[in-house]
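Notes to accompany the following structure.
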Amino acid sequence: MELGTSTPILRIFDERKARDFYLEYLGFKVDFEHRFDEDAPMYLGISRGDCTLHLTEHHGDCTPGSSVRIETEGLDDYLAELRSRDYRFLRPGIETMPWGTRDMALVDPFGNRLIFTDSSSS
């Protein structure tokens, strides 16, 4: 038996806010979009590098306020990139955790927590 990669699914409530946060601010790209019809909730696949996330407006898909840890090489560079963007809702920083990782935790507009983590120093 062998396990493969996992794809977290995060609950969102507003497509425009999701695009502003995940695409414009975090720098992810859209892999696919799906709606059952033009008035249906959106299901969106996004990625950056090897990280893949699914965002959903469907209320039954998952619970809002989830957390996901994302292994990140070049965490300091990513922090500098985020700080260079005009996003007024966050002022990220990196924290050294008691277990040895360096983490940058961001909360999206829907209460989901993204923890970009660098374990190379642990």
Side-chain angles (χ1 to χ4, degrees):
M1 200 277 291
E2 185 176 322
L3 299 176
T5 60
S6 61
T7 304
I9 303 171
L10 301 173
R11 180 76 160 89
I12 62 169
F13 304 104
D14 181 299
E15 180 180 349
R16 183 70 252 153
K17 286 182 182 179
R19 288 179 184 278
D20 286 346
F21 182 77
Y22 285 96
L23 307 181
E24 301 301 322
Y25 181 57
L26 295 184
F28 280 72
K29 68 176 181 66
V30 174
D31 295 328
F32 69 88
E33 298 180 43
H34 177 265
R35 293 179 194 272
F36 288 104
D37 59 58
E38 65 185 43
D39 197 36
M42 180 193 57
Y43 192 95
L44 184 67
I46 61 172
S47 65
R48 178 167 177 162
D50 291 334
C51 177
T52 300
L53 301 173
H54 287 185
L55 308 176
T56 182
E57 290 181 314
H58 296 265
H59 75 276
D61 284 350
C62 54
T63 304
S66 298
S67 293
V68 59
R69 293 182 64 82
I70 302 167
E71 286 290 330
T72 308
E73 289 184 29
L75 188 60
D76 293 295
D77 293 335
Y78 193 34
L79 173 61
E81 178 185 325
L82 294 180
R83 285 183 173 172
S84 75
R85 295 200 173 111
D86 186 23
Y87 189 77
R88 66 183 215 180
F89 301 108
L90 290 175
R91 299 292 183 262
I94 297 173
E95 182 179 358
T96 300
M97 306 309 290
W99 47 87
T101 62
R102 297 175 66 241
D103 292 358
M104 178 175 65
L106 306 175
V107 178
D108 78 3
F110 318 103
N112 299 303
R113 197 165 157 222
L114 304 163
I115 305 163
F116 296 92
T117 184
D118 178 2
S119 59
S120 63
S121 60
S122 62

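If you're wondering where the values come from, they're calculated on a predicted model, not measured in any experiment.
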Ring centre gap for Phe21 and Tyr87 strictly below 6.0 Å: yes
By side-chain contact (heavy atoms from CB on, under 4.5 Å) - contacts of Arg85 (at least two apart): Tyr25, Glu81, Leu82
Non-hydrogen side-chain atoms of Leu55 and Phe110 separated by less than 4.5 Å: no
Can you name the residues that form a salt bridge (charged side-chain N to carboxylate O under 4.0 Å, His left out) with Asp14, not counting sequence neighbours? none
Taking side chain as C-beta onward, heavy atoms only, is Asp103 less than 4.5 Å from Phe116? no
Given side chains that start at C-beta, do those of His54 and Ile46 come closer than 4.5 Å, heavy atoms only? no
A quick test of your reading: do over 12 heavy atoms of other residues, nucleotides or ligands sit less than 6.0 Å from CD of Glu15? yes
State whether Lys17 and Glu24 are salt-bridged, where the test is any N-O pair (Lys NZ or Arg NE/NH1/NH2 against Asp/Glu carboxylate O) under 4.0 Å. no
Could you tell me whether the side chain of Leu53 reaches within less than 4.5 Å of the side chain of Arg48, counting heavy atoms only? no
Would you say that Leu10 contacts Ser66 through its side chain, given a criterion of any heavy-atom pair below 4.5 Å between the two side chains? yes
Tell me whether Phe32 at atom CZ has more than 12 heavy atoms from other residues, nucleotides or ligands lying less than 6.0 Å away. yes
With a 3.5 Å cut-off and no angle check, do the side chains of Thr72 and Asp118 form a donor-acceptor pair? no
Asp108 and Arg113: salt bridge (charged side-chain N to carboxylate O under 4.0 Å, His left out), yes or no, with the steps? CA-CA 6 Å; Asp108 78 3; Arg113 197 165 157 222; over 6 Å; no
